[in-house]
Every structure is written in structure tokens, then in C-alpha cells.
Number of protein chains: 2
Amino acid sequence: MTHYKLALLGFGNVGQALARLLLDKRDTLLHQYDITFSMTGIATGRHGMAIDPQGLDVSRALQAVSQGKTLEAFSILPVPRDTFDFIRRCAADVLFENTPVNYETGQPALDHLKIALDNGMHAITANKGPVVHGFHELTDLARGKGLKFYFESAVMDGAPIFSLYRETLPGAQLKSLKGLLNSTTNLILTRMEQGESFDQAVAYCQEIGIAETDPSGDVDGWDAAVKVAALVTVMMGVPLKPQQVSRLGIRGITAEEVSRASSEGRRWKLVCSAQRGANGVEARVAPELVAPDSPLYGVNGTTSIVQFETDVLGLLSIVESDPGPRTTAYGLFADFLNAVRPG
Amino acid sequence: MTHYKLALLGFGNVGQALARLLLDKRDTLLHQYDITFSMTGIATGRHGMAIDPQGLDVSRALQAVSQGKTLEAFSILPVPRDTFDFIRRCAADVLFENTPVNYETGQPALDHLKIALDNGMHAITANKGPVVHGFHELTDLARGKGLKFYFESAVMDGAPIFSLYRETLPGAQLKSLKGLLNSTTNLILTRMEQGESFDQAVAYCQEIGIAETDPSGDVDGWDAAVKVAALVTVMMGVPLKPQQVSRLGIRGITAEEVSRASSEGRRWKLVCSAQRGANGVEARVAPELVAPDSPLYGVNGTTSIVQFETDVLGLLSIVESDPGPRTTAYGLFADFLNAVRPG
């Protein structure tokens, strides 16, 4: 039996879903993995932070936040001054970092993860920023300390992408990849096919909470570019910044073009691709017309797909249908189990 | 640096492709995995067997077989009497078992793998028979000896299916699965859509070498049923024999029905499915009419797909496009690396 002390930095939809998943899977962890856990710290953006070396009551923390209450009443130790103080004092074995993404620098998530590793914790995140801005640094730091830096949920939520490559495709070389990695634009284009205008479709995505008030991160292709950069950096071993991905969003696609494509039996998709060539890796995000014989054609709404071309397998495609916060939470949960398993 | 002695039992298309892949990946093994290997034994169905404790010349063995020559001239030790004698004397660390499948009993592959494990070798196979007829026995035997019984290529060639579940989906529970797992019937149905009769399509599959002289294993759904039984046995933890899979093949589907489906925008597919329910697992193989909104619709020719519904991820689909012997060989190669890696 091994006991792990966990800490959550970020307690929004994903952090809360992870807390619930951990509670749901308590018996599975115990009986299948000989693992018990306690939550020694939770840090939220708007409901304060709490540290209890003996373990917080996770159900009560979930309830408090759902009622808009602060977590500070649960803190046995003095309430941390800031997130850095939180990480240094939470005394956890594993830090789950789920603060908002910063496309340009990866901060402050990058520093959060560094401090976690420096303090002997496995560093796990759903945040793409530190992957594209710090993959090599964080991986080397983790390796030097016998720890793991894992980030399965950074691309395609909790679907196994990075772990697929790391654990199941040994000795394979990735030659190219192609996919639909931004679900907001995919849903916008799907709804435009059903007759909505671009603005109506964006408004719908904002209403159901998958697009931000400022939708430019999605519609201008930034989110997709960061994901391509993360895949190339990790799976092709070639450091690539989002700014180096050739990027065109979907603002230029009119309702008329969408409807003309439909009448010709085709669909506009925001396609992500990267290819290893003689001069390094070429990566791009751009709208493409897709025909029914493409595996991308049938991928609608918030479903996403990635196709990997390796030197050993031909094309291998992974499709994740209709993800939600629990899906992302599962990626973090799987990272935890993969980080602590022997070997 | 670790040196592994390998032995190949079965040296047809897949065994030869594995030998070539090992030669191709020699540098990768050395530089990325600190692994060297020698081939201490090769047993063929029609070109004899050879054992050399110092390592056979794999390129010369490939050449000899391609010229229809026997391997026996290469044997430094006395030529084995039979496959069992071969396994006992090949002195390998890893046995790759690639003899023909036996749907009903899994023999003699099952005994081959048992003897390999008893003699301290990791047991790796692309053969579905021993998975459905001996998974628990072989896995327990391997575990007791600190060895591995792996069989990635038994379903969907070398695409990561079993390793996906084992390595990347920890703590997940498989609720149901659905897929197109037999590429011969999928190709037959695709060609019937293009206007061929059933007999013409079968003849084509025989011509390109993917269907047997007696095509009943494919067209009556046996191959698909064995694969469903293997997935259920391993991934749902419920032992299931192929005979327990409700099974209907594609002989009953006429050219008229295929063409009527096409004109209605639909396709006949031989669908494999299994579902966990209150009374255990219900598994079946049967032709189904598939509409364009199904991920199965676009899967044509020899491409295959499987969709997994788990308690944590919603639907996760894996698509393998246009496999060949090298794809299957890669599954064996990946099993080898996964079997010998620390942990």
C-alpha cells in the first residue's frame, strides 16, 4: 500500500472534475493499484487556498466552492500568500497544475511546475503553455530528480495521445500528423453548415461555455497552433513555438462558402498538420475543404481527431468524441497513475 | 547495454517482416534503448529450423528462404526434431510465436508459449488463438516468473489496442466496444459497392493474399468473433470463447442489397460489438447498415476501427489504415520493447 499526498492548483471545472473522479475511483485505486491518497492542498482562483497536512475533506471543499464560499476556513496551516507559497508549503507528492493557459510565455504555470519539481513533486498539468514553452527544461528537471512531468490533457483532453506515443509506440518515428484539434472551431463550422451565421455560431459556443468572451484564441487558430507545437515538440523531438506554426483561422470563411461546400458534398475544417522534411518540421493550421473519403470529414461538433503517420504503422488515427471536464480530468488522473507506477 | 537473444517460431510474411524490422531498427535499439540482440533460432514451416547460440545471420536466413532454400545449413546445433524441441533448445530470452491460428483450441501455439515461459522466455505472439484459449493461464504463468505474455498484433495488426488499454488507460473500466475488425470482409463489401459480385470480391481478396483458399474463417465471421472474444477476455476481464459470440457472417448479403444501401447513402459493414450488462457480457458479430454519421461509415477497404466506451472518456476510437505484414511485425517489435523495459 502506498499513500500519496496530492495538491490541486486550479479548482475550476477541470480541477473540480478531477477531485470528483478521485473520490469516484477511491476503491479502484485501493484494490487495483494498492494506492491511497489524501488532498493536502487546494488553491482556487477566486475562493482562496487551503492546506491541511492531514488531508482536506474533498467533498466539503467541492460543496463550499459550489456555494461560492471560500476554502480558507478549511486551512489548518496559515493561508498561503500566493500560488508559489502554496506549492512550497502544500507538502504533496503530486501537484496538479490547472491554471489558465498563457500562449505566449506559458507563465505562471511554467514556474509553478518548476517549483513543484524542485520540491520533490511529480508535476502534472492540463495546460499547453508549459509544454510548448518548457517541455525540455521541465522534463530534464524531472528526470534528474526521479520525478515525472506529464501533460496528457494538454491536447485532445484526456484521450491518450502523449502516453500513446510514449508507452505504446516504442522505437517508432513520427513522420507527420494531421488533425482537428480545436473543438470550438469545429463546432462553429458544424453549426454554420446547419444554417447559422459565424456570429450566431460563436455566440452559441460562448453560451455553452466552450468559447471565451474573446473568441480569438480559438477562431484565429492560436489554440490549434499551440497544440500542434506541443505535439511536434514532444513527439517529433523538435522544439517548436506556436509563433512558428503557419496559422490561418476561420474568420475568413463565409456562410456562403460553407453552404457551397455542403452542396458539393464537402466540408470546411480547421486542419492542423505537421510534417518532418529535409529542412526540419513544417507545421500549419489552416481551413481546408475536406471530402467524404477523408477521415476528418465525419468528425463534427466537439469531437476531435489526430492521425499519426509513423515509419512503422502507416496511418493511425485517434478520435475522441464529445469530451467534457471529466474527460480532461481523466487525463490528469491517468498521468498520476502513470507517474507513480513502478519503472 | 543489455543483450537479448531472440527466437522466431514461424517465418512466413510476418516473421520475415519482423526480422527485417529488427535489422532496420538496430541503431534505434542501440542508441535509444541501450539494447543489442542476436537471433539464436529460427523455425520455419517449410524451410526447416536452425539454432545458433552465437546468433544466426538474419540477412542470410531471409535470403535463403526467399530462394526456397532450407535454413538447416545454418544450424550450429543439431537441427531440432520439432517445434517443442526448438523452443527448449533455442536458449532465447524472447520467443516470437507466429504459427497459424487455430480458432477452436489455440493449439499448438498455446503449448509453444507455455514452454517458452517455462524456459524463462518472454512469450510474444500475433496469434489470436492462445489469447482466447489461454490468456489467464499464460498471463499467470508469466507473472509468476517475472516474464511477459504480450500479443499486441492479435487484433488490428500492430495498432496499439491491448497496450493502449494496459498502459494508457489506467483505472478505466471498459463498458462497451464496437468496430470493424476483419479487413477481408470489409474489403469484400467495399468492392461489392463498386459493382463486383460476392464471388468476384472474394476471388480478389484471395488473389492479393488476404483471404484463404477457404474464405469461411473471414466471411462467416469466425476471425471477427475470435477478435471480439480476445478483446472482451483481456479488456473486460471476462473470459469469453469465440463460440460464445453471437455470429452472423456476410454470405447472406446480396449485391442488390449492397447497391440498395448505397443508393440510400448507407453501407453494409460486418460490425463487431460487445457490451457489459447486468448478465455479463453480450458479444456479437453481424452485418449492419451504417449511416454517414457513424464513424464506421468511412472505414473502407482493409482499414479497421475500434471504438471503446469507458466510464471515464466517452467514446475513444482507433483507426488503422491499410495495414500489411510490416504493421503486424511492428506490434511484435513493440511487445518486445515493452516486455523488456524496466518496471
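In what follows, chains are A, B, ... by sequence order, proteins preceding strands, each numbered from 1.
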Top of B:Asp311, B:Asp157, B:Asp322, B:Leu29 for chain A proximity - count of heavy-atom pairs under 4.5 angstrom: B:Asp311
Greatest number of heavy atom pairs closer than 4.5 Å to chain B - which of A:Thr328, A:Leu313, A:Thr28: A:Leu313
Interatomic distance, A:Thr168 atom OG1 to B:Asn338 atom CG [nearest 0.5 angstrom]: 7.5 Å
Heavy-atom contact with chain A under 4.5 Å, split by part of B:Tyr33: side chain
B:Leu164 CG to A:Glu167 CD distance, which is reported to the nearest 0.5 Å: 11.0 Å
Check: B:Tyr330 side chain, A:Leu169 main-chain N or O, donor-acceptor pair, under 3.5 Å: yes
Close side-chain approach of A:Lys25 and B:Val312, heavy atoms under 4.5 Å: yes
Side chain / backbone / both / neither for B:Phe333 at chain A, heavy atoms under 4.5 Å: side chain
Per-residue contacts, residues 302-310 of chain B versus chain A, heavy atoms under 4.5 Å: none
Between B:Ser317, B:Pro160, B:Ala159, B:Gly298, the one whose heavy-atom pairs under 4.5 Å with chain A are most numerous: B:Ser317
Contacts of residues 170-182 of chain B with chain A (heavy atom under 4.5 Å): B:Pro170, B:Gly171, B:Ala172, B:Gln173
Most chain B-contacting option - heavy-atom pairs closer than 4.5 Å, from A:Ser163, A:Gly331, A:Gly324: A:Ser163
Structural part of A:Phe336 lying under 4.5 Å from a heavy atom of chain B: neither
A:Leu316 side, atom CG; B:Ile318 side, atom CD1 - distance, nearest 0.5 Å: 6.5 Å
